Structures are given as structure tokens and as C-alpha cells.
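Quick caveat: nothing in here was measured; it's all calculated off a predicted structure. Starting from 1, each residue takes its place in the sequence as its number.
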Amino acid sequence: MADSQGVEHPAGKKDDGQQDATKHMTVTLRGPDTSPVIEAILELDEDATKHPRLAKISKSPTENDDDDVSSKAHETHVIISVGSGHQTAAAFYDKCVGPLLAAVYPTQHQTLNVHTTTSATSVLELANNVLFPRANEGKLLRIIVLSGDGGVIDLVNGLSAHTTSPSYTAPQVVLLPLGTANALYHSVNAGKTNTWGLDTLTSSHSRPLPIFTASFSSGARLLVDEARSEEELPIDPSSGQPTLHGAVVCSWGMHASLVADSDTAEYRKFGVERFKMAAKEALYPADSSAPHAYKAKVSVLHGEEWKVLEKEEHMYTLATMVSNLEQPFCISPHSKPLDGSMHLVHFGPTSGDEAMRLMTLAYQGGKHIEEPAITYEAIDGLRIEFGGLEAEGRWRRVCVDGKIVRVEEDGWVELRKDPRRVVDIVTV
């Protein structure tokens with residue numbers, strides 16, 4: 001069993017006197033006055049990337065707790081992304097999240113709006129057609145999201161696609177990490193015990209989610225269906241440019257390539273390991289040649305001043321607003337949860353061994369930033385101009401929070417921090 005702080009303890013002893021290796025922890029769900037509402041005892045999986053199982057609800061709410069815990073002003077929606085990560089979001093909801101909500105809200109849980117995704121565009125359509133109109137008229141929404149980063153980013157893009165009224169109220173988003181890497185969740189909760197977001201189900205605390213806007217040249221296309229098809233990007237009504245909004249990362253070079261190359265059904269079977277597998281293939285080409293040297297003019301923004309990087313050949317160019325791209329992979333150690341900062345991580349062409357060594361240091365608390373080869377700095381924006389330097393389209397792929405955009409040969413991408421308050425993230 002575990003104590004109230006979520007510290008793991010052995011579950012007990014087996015009949016033969018040997019200690020049971022099964023681990024449990026207790027997650028406390030608290031009301032607005034911070035008093036405990038219920039305590040959930042969770043059985044942890046040996047694989048830390050897989051969600052726990054609900055073993056017991058150790059304390060039920062009192063008869064009047066339903067009115068105390070929830071605000072009747074909230075309209076609650078639950079989004080279950082069935083295709084995310086290990087594709088276990090539906091099971092986690094049915095066996096863990098749903099019973100907890102029923103215990104906390106014995107009458108109101110039956111009126112929750114539960115949405116199960118049916119396609120890759122389900123969350124985007126929900127945000128456009130259902131959630132935005134409600135938020136725009138001032139309704140306070142609470143959205144419980146069982147997905148990876150993609151679900152939250154689709155919410156951000158759907159809600160950002162419209163002109164808002166003065167009454168717009170940013171929805172509160174509860175993150176339950178059911179994706180592959182869950183960068184946003186692990187960055188918001190960096191250094192804390194992983195409760196899978198369950199302790200935020202009843203939390204009354206939230207903070208605005210910092211976002212960025214990536215604008216593209218007119219010929220850029222979004223790659224979909226494992227890059228077998230392409231689509232036009234949404235057009236920003238104010239700038240007229242193809243645009244995507246993000247909250248995690250915008251990259252070009254090795255990072256974007258490995259995300260794109262590993263985004264297949266076959267690779268996804270391996271979970272977060274798919275990124276490492278794709279990285280090895282990119283860094284050690286089958287013909288024994290050196291890794292590709294990506295060519296473009298790269299500029300960074302400080303305040304209102306653009307500065308061009310000296311070299312036109314690059315290997316790793318990444319701007320991020322979070323600290324961790326995976327729970328153990330600390331790409332930006334100076335980033336603090338939801339602080340609104342943006343950091344550049346960059347290095348130039350090198351051998352496969354050296355690139356692998358540098359990236360491995362990120363798994364050691366972000367030690368890669370101590371290397372002379374790494375440029376690491378706070379920025380306000382990033383611009384990449386291809387100018388005909390890369391003939392092959394695969395070297396012009398840009399990653400925006402997992403979405404892959406192929407820019408045309410003479411095209412460009414520019415991202416800046418966006419001051420809009422689109423959603424709030426529920427915290428404890």
C-alpha cells in the first residue's frame with residue numbers, strides 16, 4: 001500500500017513468506033476546500049508506461065459531498081481517444097476513471113458528456129462544433145482528456161480557429177496521459193509522483209496553457225495517413241497564412257524526421273521505444289554514409305530582433321515550451337511548468353555516434369545542454385527558410401506537436417509565442 005503522498009510500498013507478503021512484488025499507491029481526490037473526498041488505491045503495472053488498475057476506493061463521499069465537490073456552473077466533457085498510445089484509454093475510463101467520477105459525483109456523473117473518438121479528426125471536430133460555441137458564450141467547460149499530447153493540441157487548434165467574443169472563457173482541461181510520450185503531462189508534473197492525472201479530477205486549481213503559432217508558406221501541406229496523403233493547413237483569418245498552433249514543440253531536422261518516420265502502425269506497437277528505433281535508422285543509414293546534413297537558413301527571435309545562425313547545415317533544430325518530451329527525456333531543463341518560456345535546442349551535422357551520445361545525455365536530467373556543441377537558449381520565435389537548399393521533400397518535414405508538415409522547396413516556417421489564453425490546465 002502507499003501513504004497519502006503517493007509513495008509506493010509493497011502490497012504485502014505472499015503465503016510462502018516471500019514479499020509480493022505488486023506495488024500500490026494511494027491517490028487522494030480533494031474538494032475545493034482541500035479536504036479529502038475519496039482515496040483511490042491503485043495497483044501499478046510493472047511497465048511504468050502502462051496505466052494502473054483501480055484496486056479499491058477506500059473512502060466514499062458523504063451524502064452532501066456531491067454539491068460541495070462540483071460546481072454546477074461547470075459543464076463537463078470527457079474525451080476518450082481510443083487510438084492514442086497503447087490504445088487503452090477506453091479501458092482506463094471504464095475500469096478506473098468512470099468509477100472514480102461515479103464515487104465523487106454520485107448523481108451528476110450520469111450527466112457527463114462522454115465523447116469517444118472515431119477518427120483522427122474527432123477531437124478537432126468536437127472542439128469546432130461543440131466546445132467552441134459553448135466557451136464563446138461564456139460557459140465554463142471542464143474537459144477531461146484521456147489521450148496523448150495530440151488530443152490537447154487538437155483542442156487548442158479547434159478552439160483557436162475562430163474569432164472569439166468578449167465572453168469567451170478558456171475551458172479547464174484535465175490531463176490523463178494515455179498517449180505515447182505525454183510530453184505536456186510529464187512537463188506540467190515534472191518531479192512529481194505520476195498519478196496519471198487522477199488527483200486533478202476534483203481539483204479547483206488551473207493555469208493558462210502557453211501556446212505558440214507556427215505560420216507556413218502557402219504551399220506547405222499536412223501529411224496524414226502515414227504520409228500517404230496530404231491536406232491543406234488551416235488558414236489563419238488574421239494573417240491569411242497556413243497555420244498550426246502548438247504547446248509542446250516545433251522542430252525540423254533529426255527530431256522531426258524520427259517523429260515522422262516512426263508514425264506508423266507498425267512502429268506504434270513499440271510505444272515510446274519507437275522514437276529510439278527510428279533515431280538509430282536515421283543516424284546509421286543502411287549504406288554506411290553519414291547522417292544527413294539538413295540545409296536551411298535558420299533565424300531566432302529575441303524580443304523583436306531576428307538573429308541568423310551562422311551555419312546553413314544543421315542536424316537538430318527544436319523549439320519547445322516544455323521541459324520533457326518523455327518522462328525521462330528532459331530536453332529543456334530550464335523550462336518550468338506552464339511558465340510560458342520557449343527554448344531552442346540546436347546542434348549541427350555530426351556522426352551518428354556523437355548525435356546519439358548528445359541525445360542520451362537528455363535522459364540524464366538534461367545534461368546535453370552542458371555540451372559545447374549544443375546551442376541552448378531562451379527565444380521568442382524561430383524561422384526556417386529553405387530557399388531551394390533541400391531538393392527532397394523528406395528533408396523539409398517540420399514537426400508541430402506530432403503533426404508533420406512538408407514545406408515546399410522555396411518555402412518557410414515561422415513560429416512565435418502566442419499570448420492568447422485558449423485553455424487552462426488543471427493542476428493540484
Side-chain angles (χ1 to χ4, degrees), residues 32 67 69-79 108 111-115 121-145 147 149-175 184 188 200-216 233-248 250 301 303-304 321-322 336-342 380-381 400-401 403 414-428:
D67 290 333
V69 173
S70 93
S71 167
K72 296 186 184 301
H74 284 80
E75 177 179 300
T76 302
H77 293 259
V78 179
I79 299 175
Q108 293 186 30
T111 64
L112 298 179
N113 302 280
V114 180
H115 312 273
T121 60
S122 290
V123 178
L124 192 61
E125 293 166 1
L126 178 67
N128 275 305
N129 302 329
V130 178
L131 302 177
F132 176 78
R134 302 292 283 145
N136 205 41
E137 65 184 19
K139 186 66 177 178
L140 181 56
L141 305 179
R142 193 173 180 92
I143 308 172
I144 302 171
V145 184
S147 80
D149 297 312
V152 181
I153 301 311
D154 282 344
L155 279 178
V156 169
N157 277 279
L159 295 169
S160 301
H162 312 272
T163 301
T164 58
S165 74
S167 300
Y168 180 85
T169 302
Q172 297 178 346
V173 175
V174 175
L175 300 175
L184 184 57
V188 171
T200 60
L201 287 174
T202 57
S203 175
S204 59
H205 303 290
S206 64
R207 294 172 59 187
L209 174 66
I211 63 172
F212 62 81
T213 293
S215 302
F216 293 85
L233 292 164
I235 302 298
D236 182 81
S238 60
S239 68
Q241 294 296 142
T243 300
L244 284 177
H245 304 283
V248 178
C250 180
L301 180 66
E304 295 299 321
M321 299 192 77
V322 302
K336 304 303 177 185
L338 303 172
D339 68 355
S341 67
M342 176 184 288
D380 296 305
V400 178
D401 287 6
K403 299 182 185 297
E414 178 178 312
L415 70 145
R416 296 182 183 229
K417 291 192 286 187
D418 192 322
R420 287 180 291 178
R421 183 177 179 180
V422 179
V423 300
D424 292 350
I425 299 298
V426 177
T427 60
V428 292

>> List the residues meeting salt bridge (Lys or Arg N to Asp or Glu O under 4.0 Å) with Arg207, not counting sequence neighbours, and say none if there are none.
In response: none
> Taking only residues two or more places apart in sequence, or in another chain, which ones meet His205 in a side-chain hydrogen bond (donor to acceptor under 3.5 Å, both in side chains)?
Replying inline: none
> Given side chains that start at C-beta, do those of Val174 and Val145 come closer than 4.5 Å, heavy atoms only?
Replying inline: no
>> Does either side chain, that of Asn128 or that of His162, offer a donor lying less than 3.5 Å from an acceptor on the other one?
In response: yes
> With Glu137, which residues qualify under salt bridge (Lys or Arg N to Asp or Glu O under 4.0 Å), at least two apart?
Replying inline: Arg134
> In chain order, what residues pass the side-chain hydrogen bond (donor to acceptor under 3.5 Å, both in side chains) check against Gln241, with sequence neighbours excluded?
Replying inline: none
>> Pairing donors with acceptors under 3.5 angstrom, does anything connect the side chains of Thr243 and Asp236?
In response: no
> Of all residues at least two apart in sequence or in a different chain, which pass the side-chain hydrogen bond (donor to acceptor under 3.5 Å, both in side chains) check with Asp424?
Replying inline: Arg421
> With a 4.5 Å heavy-atom cut-off, do Phe212 and Val248 have their side chains touching?
Replying inline: no
>> If you apply the rule side-chain contact (heavy atoms from CB on, under 4.5 Å), what do you find for His77 with Arg142, and how did you get there?
In response: CA-CA 6 Å; His77 293 259; Arg142 193 173 180 92; over 6 Å; no
>> Would you say that Glu75 contacts Asn113 through its side chain, given a criterion of any heavy-atom pair below 4.5 Å between the two side chains?
In response: yes
> Given side chains that start at C-beta, do those of Lys139 and His74 come closer than 4.5 Å, heavy atoms only?
Replying inline: no
> So do Leu159 and His245 actually touch side chain to side chain, heavy atoms under 4.5 Å?
Replying inline: no
>> According to side-chain hydrogen bond (donor to acceptor under 3.5 Å, both in side chains), who are the partners of Ser167, at least two apart in sequence or on a separate chain?
In response: none
